[in-house]
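Just below is one structure, and these are the notes that go with it.
Atoms considered below: every heavy atom in the structure, side chains included; atoms not considered: hydrogens, waters and symmetry mates.
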Amino acid sequence: MRLLKARQQVLDSNPDLKAEGDALKKQGQALKGGDATPEDKMDFLQSMQAHQQKMKAAMLKIDPTLGPIIDQAEADMKQKMQARAAQGGGGGN
């Protein structure tokens, strides 16, 4: 709950980050259409990672004690993506 609360505070107080996140969601949906190049997908992933780092930094400014929680969530997501890729899911396609 603390993580979600901090995330919402970041989005409420940083309209640029919110707009960037919304644009990335739309871009991600567009990439699911099947006609995206590998370069398009790589650009999207890099943009998404950069956005996530900005969000993490902003959330840690609000509540520095969230560091271990964020790190655990990132580790869980990485493990989930690796499992999906090992099953042939490709990590998001």
**Request:** Output the distance between atom NE2 (H51) and atom NZ (K25), rounded to the nearest 0.5 Å.
**Result:** 8.0 Å
Check residues 72-83 and write down every donor-acceptor pair under 3.5 Å in which the side-chain atom is one partner and the other belongs to a residue at least two apart or another chain.
unit_1, atom_1, unit_2, atom_2, d
Q72, NE2, D76, OD1, 2.7
E74, OE1, K56, NZ, 3.4

**Request:** Only pairs at least two apart or in different chains count here, so list each salt bridge (charged side-chain N to carboxylate O under 4.0 Å, His left out) that has a residue in residues 2-14.
**Result:** R2-D63
**Item:** Shortest non-hydrogen separation from L31 to A36 and the atoms involved
**Value:** CD2-CB, 3.3 Å
**Message:** Return the CG to CD distance between L45 and Q52, rounded to the nearest 0.5 Å.
**Reply:** 9.5 Å
**Request:** Quick one: pull up CG in D40 and CG in D43 and give me the separation to the nearest 0.5 Å.
**Result:** 6.5 Å
**Prompt:** Are V10 and I69 connected in the hydrophobic side-chain network, where two residues link if heavy atoms are under 4.5 Å apart?
**Reply:** yes
**Asked** Are I62 and M55 connected, step by step, through hydrophobic side chains (Ile, Leu, Val, Met, Phe, Trp, Tyr) whose heavy atoms are closer than 4.5 Å?
**Response** yes
**Asked** Got a second to check how far S13's OG is from Q8's CD, nearest 0.5 Å?
**Response** 9.5 Å
**Message:** Before you tell me yes or no, could you show the steps for D22 and K18 under side-chain contact (heavy atoms from CB on, under 4.5 Å), namely the whole-Å CA-CA distance, both residues' side-chain angles and the distance that decides it to 0.1 Å?
**Reply:** CA-CA 6 Å; D22 291 344; K18 182 172 180 357; 3.3 Å; yes
**Request:** Kindly work out whether a path of hydrophobic side-chain contacts (I/L/V/M/F/W/Y, heavy atoms less than 4.5 Å apart) joins L66 to L17.
**Result:** yes
**Request:** Indicate, with yes or no, if L11 and I70 share a hydrophobic cluster defined by side-chain heavy-atom contacts under 4.5 Å among Ile, Leu, Val, Met, Phe, Trp and Tyr.
**Result:** yes
